[in-house]
Amino acid sequence: MIAANPTTGQKRPPPPPRAWTHGRILGHVLMALWIISGISLVYFLASNIASPFVERYWGKYVDGFLVTLQIVGVSLLIGALLSLPIALARNSSWKIFAWPAYGYVYFFRGTPLLAQTFLIYYGAGTFRPELEAVGLWGFFREAWYCVIFAFSLNTAAYQAEILRGAILNVPKGQWEGAAALGLSRPVTFFKVILPQALMVALRPYGNEIILMIKGSAIASIVTIYDLMGETRRAYSRSYDFQAYIWAAVLYLIIVETLRRVWDKIEQRLTRHLKR
Amino acid sequence: MRVLRMAAAAVAVFAAVGAVEAKDWSKVRIGTEGAYPPFNSLTADGQLVGFDVDIAKALCEEMKVECEFVVQDWDGMIPALQAGKFDAVIASMSITEERLQKVDFTNKYYNTPPAIAVPKDSKIESTSDKHLDGAALGAQSSTTHSNYAEEKLPSADLKLYPTPDEYKLDVASGRIDAVIDDVVVLSEWLDTDDGACCKILGTLTPDPVINGAGAGIAIRKDDPELKEKFNAAIEAILANGKYKEINDKYFSFDVYGG
Amino acid sequence: MEDALTLLSFGDQGWGDTIAFGVMITVSLAIATLPFGLLLGFLIALAKNSNEPSLRLAANVYTTIFRGLPELLTLFLVYFGVQIGIQQGLKLIGFDAYFEVNSFVAGMVALSLVFSSYASEAFLSAFKGIPQGQYEGGYALGLSRYQTMALVILPQLIRLALPALGNLWLILLKETSLVSVIGLPDLVREAGIAARVTKEPFLFFGIACLIYLLLAMISSAGLSRVERWTKKGDVAR
């Protein structure tokens, strides 16, 4: 590109105006629709910010929000701890480890979280005598623990698959290099392979966290007052549709914030990999 | 093929925008829940039975209109009425101030007090807030009973369920310590095998603001003429003995109440 | 064991027919959602792949919203909100009518919204896998833009997007379970009713899970056949 011809001093002609193609018109119309919806949403929320509904239920929404974060945080953490042995078993060449791990992962990834939660919550209720005999009834009696239990097992299956893929993704040369340095296999795994695998797995992990936040809305169906639970309670009492709109805004804020923060973290942690 | 036809039918339903012609009320659609025995429930082959259903049929006969029943989850009952899925709700819905802000009601057609049931070996002494402190108390959501628990029994740990069936499962397994509902509904359940676990702890004094003035028929606010028709019909069946006949079919006492 | 078999049998004594009906609803909901989700997803991918910034932005707003909202909430928004919204819209233009969104349609719409926003990502990455030369070749042969898209690009696109779309189909099958909450008698709801009446929740929810697994297996088998079929062209080269 020559900005200006040095001999004549003439400027490059301005680019032709962009034509109003069908695509451009459609894009502007759609954007206009989004902007109008966005503005009316903001207007609607702003005009309701001092309404009796918000005054009455805002505190509940905050409580529900915190419960959602707790459920997701605890489940993800337990799931992460469980996922490591599952992923290792899945990668193992010993069939007695690999097959059960495969069955576990297949079951929890192949069935809906809702059905799993019902199975554990209502199922535990029928096994009360047996659970009491082994002293676990106190645990399964609480809806809260049932939900944590179900969600942890579910996310463990997904995280195990993420981890397994990431571990397989680490080049074989890394193992060989470590072996050549005389490192034992466990040391190689925890100090050399796992950190690299986790780095590769950052993106799918981020997606899993978001899926978990969205999936946690299911807890509201078994008497937990998470963000969704409080929303349904507010709606069932007031029949005011803004109950769901506030919830939608809050969920979008959580998910979008998380996605952006996670992107930043990922960029920072993987900056040495960029060429 | 069947699947395709079902999808096509579903789309047809979606497209069904019917301008409602002049409302002569020759046909009335009635919403009910079908999960609240003995007032309304579904039999195994999908038939609606119960006190509400019989009363509704008697009222329709009295008004000389054709009635069609629509089964709707309790949670969405008032939104569905407002959205026009049906014209009247006959589902043991209590007439309360809160609901009157959204819909209109006929006069009551019965009135029974709420009660609390507990497992037989329960150590809860009474239905007072003090004795229920920390107890897990189950209730059906969006009912006067859940509202009562929220307002009058704040120390209890309230758990909300979509239908009574779920809280029955949970109290039978001991997951919750007590349940609050209509005394008639609880008594009916305690008489069955499933209810053998539990007993009535005591009836509660209804709060006029929360519990309202008995169960009425919910009607949209813009249908006052339908409300009047129902009111007249309620009076008529009370006067001609039809109400008593239905009452005696289900109960050994008078549910109309004071 | 015999008890369980009686409970699961067909006829008056058992819940087999109820469960079977639920399975039919689950499968038909998923199948009914698929074409809408795919079409919408493809259109959104087209928009995202366009040179026009406003179109790309509009499409991105769409996917941000429907990938960020919990599916359960999207379902409630559609089930309660669309009805109220349309009704008020009709009232505004002075048309007093009732508009009914039943739970099947609400489920279909909500699941299509979610499915299409994920499917658009699958299509978009497939678009990136098709070299520019394919378009140019199409134009050089005198095909119109539309013909190039339909005859040259789309067949390759489907093949490239198939594995990701297959995954989304499996997710869709599982997500249909959420409609049980708004009253559609699908597999989970029928299992729930059977569980409440018989007081055997573990049996019935366990059966429901196994049926979902079975559906997933059948789908996987079907998908891998389709994938093999689309790859027939590769071998010949």
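Throughout, a chain's letter reflects where its sequence line sits, starting with A, and its residues are numbered from 1.
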Could you go through Trp169(C) and Ser219(C), starting from their C-alpha distance and side-chain angles, then the distance that decides it, and tell me whether this counts as side chain to side chain donor-acceptor pair (under 3.5 Å)? CA-CA 8 Å; Trp169(C) 162 255; Ser219(C) 306; 3.1 Å; yes
Please classify the contact of Phe107(A) with chain C as side chain, backbone, both or neither, using a heavy-atom distance under 4.5 Å. both
What class does the angle between the rings of Phe139(A) and Tyr145(A) fall in, given that below 30° is parallel, 30 to 60° is tilted and above 60° is perpendicular? parallel
Option in Leu213(C), Leu57(C), Val188(C), Asn51(C) with maximal non-hydrogen atom pairs under 4.5 Å from chain A: Leu213(C)
side-chain contact (heavy atoms from CB on, under 4.5 Å) partners of Gln147(C), counting only residues at least two apart: Leu143(C), Ser144(C), Leu151(C)
Contacting moiety of Leu170(C), where chain A heavy atoms sit under 4.5 Å: neither
So that I know where these two stand, are Tyr61(A) and Tyr57(A) an aromatic pair - ring centroids less than 6.0 Å apart? no
When the 4.5 angstrom heavy-atom criterion is applied to Ile65(C) and chain A, the contacting part is both
Taking side chain to side chain donor-acceptor pair (under 3.5 Å) as the definition, give me every residue that meets it alongside Tyr121(A), ordered by chain and number, with sequence neighbours left out. Asp170(B)
Greatest number of non-hydrogen atom pairs under 4.5 angstrom with chain C, of Gln116(A), Met228(A), Arg109(A), falls to Met228(A)
Using 30° and 60° as the class limits, which term best fits the ring planes of Phe80(C) and Phe76(C): parallel, tilted or perpendicular? parallel
Structural part of Leu178(C) lying under 4.5 Å from a heavy atom of chain A: both
Are Lys174(C) and Thr111(A) linked by a side-chain donor-acceptor pair shorter than 3.5 Å? no
Examine whether an atom of Ile253(A) lies under 4.5 Å from a heavy atom of chain C, and if so say whether it belongs to the side chain, the backbone or both; otherwise answer neither. neither
Quick check on Tyr244(A) against chain C: is it the side chain, the backbone, both or neither that has a heavy atom closer than 4.5 Å? both
Tell me yes or no: between the side chains of Glu52(C) and Ser50(C), is some donor less than 3.5 Å from an acceptor? no
Under 4.5 Å to a heavy atom of chain C? For Ser220(A) that would be side chain
Under a 4.5 Å heavy-atom cut-off, does chain C meet the side chain of Leu26(A), its backbone, both or neither? both
Check: Phe202(C) ring centre within less than 6.0 Å of Phe127(A) ring centre: yes
Based on non-hydrogen pairs under 4.5 Å, which of Arg56(C), Glu200(C), Met217(C), Lys199(C) is most in contact with chain A? Met217(C)
By a 4.5 Å heavy-atom criterion (distance strictly below it), what part of Thr64(C) contacts chain A: side chain, backbone, both, or neither? both
Chain A contacts, top residue of Gly206(C), Ser177(C), Ala216(C), Ala59(C) (heavy-atom pairs, under 4.5 Å): Ser177(C)
Against chain A, label Tyr62(C) side chain, backbone, both or neither, depending on which of its atoms sit under 4.5 Å from a heavy atom there. both
